[in-house]
Amino acid sequence: MFSLPITLDQQVIDIKATLNNGSVIPIICLGTFQIRGKGTILKVLDAAFRIGYRGIDTAAVYGNETDIGSALKQLLPKYNLRREDIFIISKLAPEDHGDEQRVKNAVYTSLRNLDTPYLDSYLIHWPAASGLSPADPSNVSIRMRTWNALTKLYDNGSGVLKSIGISNYTAEHIRQLLNSSSVVPVLNQVEFHPHWQQTKELHSICKEFKILLQAYSSLGGSSNKNLLKDPIVTEIAHNNNLSTAQVLLRWALQRNYAVVPKSTTVERIAENADLNKILSNQDMEALNNIGKKQKYAWNPDIVR
Ligand SMILES: NC(=O)c1ccc[n+]([C@@H]2O[C@H](COP(=O)([O-])OP(=O)(O)OC[C@H]3O[C@@H](n4cnc5c(N)ncnc54)[C@H](OP(=O)(O)O)[C@@H]3O)[C@@H](O)[C@H]2O)c1
Ligand SMILES: *[C@@H]1O[C@H](CO)[C@@H](O)[C@H](O)[C@H]1NC(C)=O
Ligand SMILES: *[C@@H]1O[C@H](CO)[C@@H](O)[C@H](O)[C@H]1NC(C)=O
Ligand SMILES: *[C@@H]1O[C@H](CO)[C@@H](O)[C@H](O)[C@H]1NC(C)=O
Ligand SMILES: *[C@@H]1O[C@H](CO)[C@@H](O)[C@H](O)[C@H]1NC(C)=O
Ligand SMILES: *[C@@H]1O[C@H](CO)[C@@H](O)[C@H](O)[C@H]1NC(C)=O
Ligand SMILES: CC(=O)N[C@H]1CO[C@H](CO)[C@@H](O)[C@@H]1O
């Protein structure tokens, strides 16, 4: 769904992937979980646009949509960008699963907060409703109802959602969805890094239905440095004159996952977009076989 450059004329930060409905998305979008406050959001987005980021990943639960919306009002003119030059992703909170009206309210609240007439992509954040036990079998019908409501707001590209997708869905969740809807999600955003490589089943169903995999917590999230200090990652970084963060992001891209690195630090925002160096097959193999299994975020496997 995307190919990395073989020459140095194209910067990776400028590359876009084509989604299964024909929309295009930057393969690097800026993650914004835990970036809050008007001043901080403005500083981070200002740096990101200057560096060349054109995609932003947010969610209702991140509590920063309003501040992103007002930053965009200032920054798009500053960088001579139009709304259609950037790609905005938001996500439906687990508490907003349910009937059509509830889902519609959630979508229109995000649109109002972000002060935009449409979203480039809107994802179901989590395959279960809040307040229910994850193993509860009624989650299947609840998330199908949510999906069907989203397909109406998508309306084959004519609606306020230009594409719709999912997050934290396992292969089984996707099979269930495809079994009862003709609208295929454009992307599935999941935890993915050398310590948590997802299942073969997830890779193969996403490949079969051209669902773009988008990696989150590529750097291991913000609560620990296990991945950024992993000895194999560190050695490969040293040998390639890269930072460990760059090795982790480049590895995900070479595995055909789009990425959404988050940082509030201007130098790191730049570093995370500077990913043109190719990792050798040998380095890729070493990372693929790192042999450590550890999840740093929530676990969708427990959801029926
Ligand atoms: N769909 C979902 O359920 C879900 C779940 C989790 C995340 N996400 C999305 O994915 C994004 C990324 O995941 P994440 O926020 O969990 O974490 P992440 O991107 O794996 O890591 C962020 C942490 O790494 C640090 N960092 C960033 N760049 C660095 C660099 N070059 N060198 C060293 N440290 C660096 C950041 O610190 P500073 O900020 O202090 O620089 C922060 O502490 C989120 O922001 C969100 O948009 C989605
Ligand atoms: C769905 O998942 C939630 C946990 O997220 C759980 O409490 C609930 O019982 C599950 N079942 C149904 C029917 O939703
Ligand atoms: C959806 O839109 C595309 C063009 O954007 C068109 O080719 C296709 O026939 C439409 N499908 C339906 C079901 O309307
Ligand atoms: C597909 O749907 C049918 C009927 O709606 C159901 O009986 C079957 O169990 C479903 N299969 C999967 C894999 O969910
Ligand atoms: C290593 O990378 C740094 C920063 O990108 C660069 O300034 C330096 O010239 C590189 N060194 C070598 C030996 O390539
Ligand atoms: C989805 O997974 C991410 C990463 O593991 C986690 O941070 C997030 O809380 C999860 N979402 C839900 C609703 O559990
Ligand atoms: C949805 C949203 O944007 N919520 C909050 C974002 O953060 C600011 C603080 O900077 C709050 O005032 C908003 O309510």
Side-chain angles (χ1 to χ4, degrees), residues 28-44 47-48 51 53 55-72 88-94 106 109-115 121-128 165-169 187-196 213-229 233-234 237-252 257-277 295-300 303:
I28 305 174
C29 293
L30 183 76
T32 67
F33 180 45
Q34 292 171 329
I35 310 185
R36 297 191 67 172
K38 220 174 159 60
T40 308
I41 289 281
L42 187 64
K43 177 196 83 169
V44 165
I51 290 158
Y53 287 78
I56 300 169
D57 180 61
T58 184
V61 299
Y62 299 171
N64 60 16
E65 288 177 318
T66 306
D67 291 335
I68 290 176
S70 61
L72 291 175
I88 306 178
I89 304 169
S90 192
K91 315 188 191 81
L92 180 105
T109 301
S110 284
L111 289 169
R112 221 172 19 252
N113 286 342
L114 287 159
D115 198 4
S121 204
Y122 190 76
L123 316 180
I124 294 181
H125 203 146
W126 181 250
I166 53 188
S167 177
N168 296 301
Y169 269 50
L187 65 86
N188 186 19
Q189 186 181 99
V190 294
E191 180 172 356
F192 182 71
H193 46 68
H195 292 175
W196 193 260
L213 282 160
Q214 194 181 44
Y216 73 70
S217 300
S218 297
L219 312 177
S222 50
S223 57
N224 70 83
K225 301 267 174 249
N226 294 359
L227 257 177
L228 289 167
K229 292 193 183 303
V233 179
T234 305
H238 178 77
N239 294 342
N240 287 278
N241 189 29
L242 292 172
S243 70
T244 52
Q246 288 171 319
V247 167
L248 292 165
L249 293 167
R250 182 71 206 190
W251 172 81
Y257 274 71
V259 293
V260 292
K262 171 267 174 183
S263 177
T264 44
T265 317
V266 173
E267 295 71 28
R268 289 170 170 178
I269 295 169
E271 187 181 306
N272 296 344
D274 180 11
L275 299 177
N276 274 46
K277 184 123 180 198
K295 202 172 184 317
Y296 300 109
W298 50 9
N299 182 5
V303 178

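Whatever order the structure lists ligands and atoms in, that order sets their numbers, starting from 1.
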Quick one: does any side-chain atom of Asn64 pair with a main-chain N or O of Thr32 as donor and acceptor, under 3.5 Å?
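Judged by distance alone, yes, a pair lies under 3.5 Å.
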Does Ala270 offer a backbone N or O that forms a donor-acceptor pair with the side chain of Asp274 under 3.5 Å?
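No: the side chain of Asp274 does not pair with the backbone of Ala270.
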Shortest non-hydrogen separation from Val260 to Asp57 and the atoms involved
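Nearest pair, atom of Val260 first, then Asp57: CG1-CB, 4.1 Å.
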What's the shortest heavy-atom distance between Ala48 and Leu30, and which atoms?
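Shortest heavy-atom separation between Ala48 and Leu30 comes out as CB-CD2, 4.0 Å.
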Does the N or O separation between [X] and ligand 1 drop below 3.5 Å for any pair?
X      : result
Lys225 : no
Gly221 : yes
Ser243 : no
Phe33  : yes
Pro261 : no
Ser167 : yes

Which heavy atom of the protein is the closest neighbour of atom 11 (N) of ligand 5, given with residue, atom name and distance?
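Its nearest protein heavy-atom neighbour is Asn241 ND2, 2.7 Å.
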Name the closest protein heavy atom to atom 7 (O) of ligand 7, giving the residue it belongs to and the distance to 0.1 Å.
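Its nearest protein heavy-atom neighbour is Gly63 O, 3.0 Å.
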Using heavy atoms and a 4.0 Å limit, tell me yes or no: is Ala297 in contact with ligand 1?
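No, Ala297 has no heavy atoms under 4.0 Å from ligand 1.
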Nitrogen or oxygen of Asp67 less than 3.5 angstrom from that of ligand 7
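Checking ligand 7 against Asp67, an N or O pair does fall under 3.5 Å apart.
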Select one of side chain, backbone, both or neither to describe which atoms of [X] lie under 4.0 Å from any atom of ligand 1, heavy atoms only.
X      : answer
Tyr62  : side chain
Ser263 : both
Leu123 : neither
Thr244 : neither
Asn168 : side chain
Ser218 : backbone
Lys262 : both

Verify the contact flag for [atom], where contact means a protein heavy atom under 4.0 Å away.
atom                    : answer
atom 1 (C) of ligand 7  : yes
atom 8 (C) of ligand 5  : yes
atom 14 (O) of ligand 7 : no

As an exercise, identify every atom of ligand 7 less than 4.0 angstrom from a heavy atom of [X].
X      : answer
Lys38  : 10 (O)
Gly37  : 10 (O)
Asn113 : 1 (C)
Glu65  : 2 (C), 3 (O)

Set out, in order, the CA-CA distance, both residues' side-chain angles and the distance that settles side-chain contact (heavy atoms from CB on, under 4.5 Å) for Ile88 and Ile68, then state yes or no.
CA-CA 10 Å; Ile88 306 178; Ile68 290 176; 5.8 Å; no
Going by the angle between their ring planes, with limits at 30° and 60°, are Tyr296 and His193 parallel, tilted or perpendicular?
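Aromatic pair Tyr296/His193 classed tilted.
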